Participant: 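I have a structure here, written as structure tokens, and I will follow up with some questions on it.
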Amino acid sequence: MTVIESQDHRDLRAAVAALGRRHGQSYDRAALWAEAGKLGYLGVNLPEEYGGGGGGISELSIVLEESGAAGCPLLMMIVSPAICATVIARFGTEEQKRTWLPGLADGSLSMAFGITEPDAGSNAHRITTTARRTADGWSLTGRKVFVSGVDIADATLIVGRTETASSRGAAPALKPCLFIVPRDAEGFHRSVIDMELQAQEKQFELVLDDVRLPADALVGEEDAGLLQLFAGLNPERIMTAAFAIGMGRYALAKAVDYAKERQVWKDPIGAHQAIAHPLAQAHIELELARLMMQKAAALYDAGDDAGAGEAANMAKYAAGEACVKAVDQAVHTLGGNGLTREYGLAKLVTAARVARIAPVSREMILNYVSHQSLGLPKSY
Ligand SMILES: Cc1cc2nc3c(=O)[nH]c(=O)nc-3n(C[C@H](O)[C@H](O)[C@H](O)COP(=O)(O)OP(=O)(O)OC[C@H]3O[C@@H](n4cnc5c(N)ncnc54)[C@H](O)[C@@H]3O)c2cc1C
């Protein structure tokens, strides 16, 4: 890994930035998604033999960061190509790869990802969505919450757990398994959650009521579920970092432009250090977060899942905090205009918080680093 971006990466950044500028903040999500897919950006991390670009999460994170920096973040990239397609590419059967990957790569198909449950939240060990074997496949029963984009995705990759012989009778051991559930499967009910977010992608509560699935709805091997899950979660964290950095850069750029123009004393407000320094600080913190994101992506792409885990968590933490701070300072820089619809920054105050909460909260990352990196004892 080098900290200096390759020419290919810089070219990719410039090309996505140009696409983002064409679509802008009032973008049509579906149109942008289709165009990005056609240009190969959504599948840049997927194997070439299945229609992808043959790159990695390093390239995919550039695409999401630059679309966000242009004000039109492709949020579903965090789940569709980064988690779902990665898991299928690494662990899926040949048929699953042929069925899903070319469409996920060119954007003609997309997949949501459902792990969060109302009674489990940050504690994934408490997941109760259960898969039982039937004569010809599986029956899935449970509930999920806050799952993004279920209405626009062709299917949702649902994290459930199977009942194993060893767990029967005793306290059930966590044995996660991943199932591809088509959007219109019978018994798969969704209701939209009334969020304050103004994002184009909605969040859903899901009820899985004896959803009958064919045997091949299970991704890969039943016994490799945990491994598969972790293979998808590191890209998710790296991509959330990209989402946060993109949003932070967008807000910062708006604030800097405004601070150069707005004049209420003899110089533009950007000449006041009380305005300039927090913006400079936000820029530094976003750049630092990107460095950690690039490290995490490089480790992941080099096949070091364990090393990528720590870096991906740290990158998500740093980017989430930098984003919240950048957006807050941007809104403040615009004074009253920071809260108008016209300038489009106020809605980011809520959106930025997503990067602090999801997919894993700031506190759970601090727990991870306390325990895994520093070896401190656990309180829970
Ligand atoms: C906009 C949005 C989109 C989302 N999209 C998806 C999606 O597509 N798919 C999906 O599966 N999920 C999705 N989520 C869910 C998200 O991953 C969860 O909200 C997140 O994991 C936190 O879970 P929770 O909301 O249940 O909070 P809780 O687990 O209830 O936590 C509440 C608070 O308690 C703190 N806390 C909990 N445990 C500890 C502890 N041990 N130590 C210290 N503090 C602790 C947390 O940090 C947090 O601040 C989305 C959420 C949002 C807001």
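One-based numbering, in listed order, for ligands and for the atoms of each. From a predicted model like this one, the values you see are computed outputs, not experimental measurements.
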Participant: With no hydrogens and no angle check, just 3.5 Å: does a side-chain donor-acceptor pair link Asp11 and Gln7?
Facilitator: yes

Participant: Which donor-acceptor pairs under 3.5 Å do side chains of residues 31-42 form with protein atoms, sequence neighbours excluded?
Facilitator:
residue	atom	partner	partner atom	Å
Trp33	NE1	Gly107	O	3.2
Glu35	OE1	His23	NE2	2.8
Glu35	OE2	Arg22	NH2	2.7

Participant: Mind checking side-chain hydrogen bond (donor to acceptor under 3.5 Å, both in side chains) for Asn45 and listing every partner two or more places apart, or none if nothing turns up?
Facilitator: none

Participant: Only counting residues at least two apart or in another chain, list the ones meeting side-chain hydrogen bond (donor to acceptor under 3.5 Å, both in side chains) with Thr141.
Facilitator: none

Participant: Looking at Arg143 and Glu205, is any side-chain nitrogen of the basic one under 4.0 Å from a carboxylate oxygen of the acidic one?
Facilitator: yes

Participant: Show the protein residues that qualify under the rule heavy atom under 4.0 Å from an atom of ligand 1, listing them in chain and number order.
Facilitator: Phe113, Gly114, Ile115, Thr116, Gly121, Ser122, Phe146, Val147, Ser148, Leu197, Gln203, Val354, Ile357, Ala358, Pro359, Ser361, Glu363, Met364, Asn367, Tyr380

Participant: Can you label the angle between the His371 ring and the Tyr380 ring as parallel, tilted or perpendicular, going by 30° and 60°?
Facilitator: tilted

